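One structure below.
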Amino acid sequence: MAAIIPAPAALAARRPAASDAIDTTLAIVSDHFDVSIADIMSLRRTRSVLPARHVALHLALKISGETPQEVGRRIGGKDYTSVLLADRTMRRLADSDPAHARLLRELERRCMMDNHPESLA
């Protein structure tokens with residue numbers, strides 16, 4: 001009988017790449033918005049931090065392949081609903097604002113390049 005649930009070894013093999021993707025995303029978004037990673041992961045909701053956090057949550061969810069729960073846990077212990085809200089907010093902004101869509105594409109490209117340089121060559 002085939003196993004429905006992946007073996008723990010298979011899950012463990014996936015995690016480092018996802019972890020690297022989240023770390024890379026945080027570093028790139030932090031650099032772009034000139035906000036520290038600690039601020040992105042904090043509870044602060046200031047005008048300078050919130051956009052960076054929303055972009056980081058959106059990109060981490062999209063690029064890492066992790067669940068919203070895991071992305072939230074890794075980025076400051078945020079609740080999964082915060083991750084989903086940030087993702088939905090960023091997608092709606094990208095749909096309505098071409099400049100925001102370009103920004104997200106560029107940051108995603110940079111994150112992907114840092115995580116998988118061979119796939120973009």
Side-chain angles (χ1 to χ4, degrees):
M1 180 179 268
I4 295 173
I5 301 172
L11 291 174
R14 276 191 344 199
R15 289 218 171 110
S19 178
D20 291 346
I22 292 172
D23 291 342
T24 300
T25 299
L26 283 170
I28 288 170
V29 171
S30 168
D31 181 57
H32 177 80
F33 285 93
D34 196 28
V35 174
S36 72
I37 292 173
D39 281 342
I40 292 172
M41 296 178 73
S42 74
L43 297 175
R44 294 178 59 201
R45 294 174 49 173
T46 60
R47 191 175 293 204
S48 63
V49 173
L50 206 53
R53 182 179 301 135
H54 279 179
V55 169
L57 289 168
H58 166 74
L59 291 176
L61 183 63
K62 186 172 184 178
I63 293 168
S64 73
E66 287 291 343
T67 64
Q69 292 84 350
E70 181 61 16
V71 170
R73 185 189 70 74
R74 289 285 318 282
I75 301 181
K78 305 292 181 255
D79 186 75
Y80 78 96
T81 58
S82 297
V83 177
L84 294 175
L85 175 65
D87 181 54
R88 185 173 65 229
T89 301
M90 293 299 99
R91 284 187 285 118
R92 284 181 179 167
L93 267 172
D95 288 344
S96 65
D97 181 3
H100 195 76
R102 278 191 303 277
L103 170 66
L104 290 177
R105 278 194 309 272
E106 175 58 22
L107 291 174
E108 181 180 358
R109 186 190 66 73
R110 287 177 53 199
C111 291
M112 293 298 290
M113 218 164 47
D114 280 9
N115 284 304
H116 306 288
E118 68 283 352
S119 67
L120 297 174

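Everything numeric here is computed off the predicted structure, so don't read it as measured data.
- Between the side chain of R53 and the backbone N or O of S42 there is at least one donor-acceptor pair closer than 3.5 Å.
- A donor-acceptor pair under 3.5 Å is absent between the side-chain atoms of T25 and the main chain of A56, judged by distance alone.
- Within a 6.0 Å sphere centred on CG of D95, other residues, nucleotides and ligands contribute more than 12 heavy atoms.
- Atom CZ of R109 is separated from atom CD of E106 by 4.0 Å, given to the nearest 0.5 angstrom.
- Note on I28: it clusters hydrophobically with V49, by side-chain heavy-atom contacts below 4.5 Å among ILVMFWY residues.
- When all heavy atoms of A101 and A94 are compared, the pair lying nearest together is CB-O, 3.5 Å.
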Checking side chain to side chain contact (heavy atoms under 4.5 Å, CB included) for the pair D39/F33: CA distance, chi angles, key distance, verdict?
-> CA-CA 11 Å; D39 281 342; F33 285 93; over 6 Å; no
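- Heavy atoms only, all atoms of each residue included: A52 and V29 are closest at O-CG1, 3.3 Å.
- Shown are T81, L84, L85, L57; of these, the side-chain contact (heavy atoms from CB on, under 4.5 Å) with P68 is made only by L84.
- Linking ILVMFWY residues whenever their side-chain heavy atoms come closer than 4.5 Å, directly or via other members, leaves Y80 and I40 in distinct clusters.
- With hydrophobic clusters built from ILVMFWY side chains whose heavy atoms lie under 4.5 angstrom apart, L93 shares a cluster with V83.
- Not one N or O on the side chain of S82 forms a donor-acceptor pair closer than 3.5 Å with the backbone of K78.
- Taking a cutoff of 4.0 Å between a charged side-chain nitrogen and a carboxylate oxygen, R74 and D23 qualify as a salt bridge.
- Remark: side-chain polar atoms of R105 are not paired, donor with acceptor, to backbone N or O of H100 under 3.5 angstrom.
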Report task. Please assess L26 against I22 for the test side chain to side chain contact (heavy atoms under 4.5 Å, CB included), listing each intermediate value before the final yes or no. Result -> CA-CA 6 Å; L26 283 170; I22 292 172; 4.3 Å; yes
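- Screening H58, R92, K62 against D87 for a side chain to side chain donor-acceptor pair (under 3.5 Å) leaves a single residue, H58.
- The cluster map of Ile, Leu, Val, Met, Phe, Trp and Tyr, joined by side-chain heavy atoms under 4.5 Å apart, puts L104 and L50 in different clusters.
- In this structure, V35 is a member of the same hydrophobic cluster as L103, with clusters built from ILVMFWY side-chain heavy atoms closer than 4.5 Å.
- Here the NE2 atom belonging to H54 is positioned 10.5 Å from the CZ atom belonging to R88, to the nearest 0.5 angstrom.
- When all heavy atoms of I63 and C111 are compared, the pair lying nearest together is CD1-CB, 3.4 Å.
- Rounded to the nearest 0.5 Å, atoms CZ (R44) and OG (S36) are 7.5 Å apart.
- Taking the charged nitrogens against the carboxylate oxygens, R110 and D31 do have a contact shorter than 4.0 Å, which makes a salt bridge.
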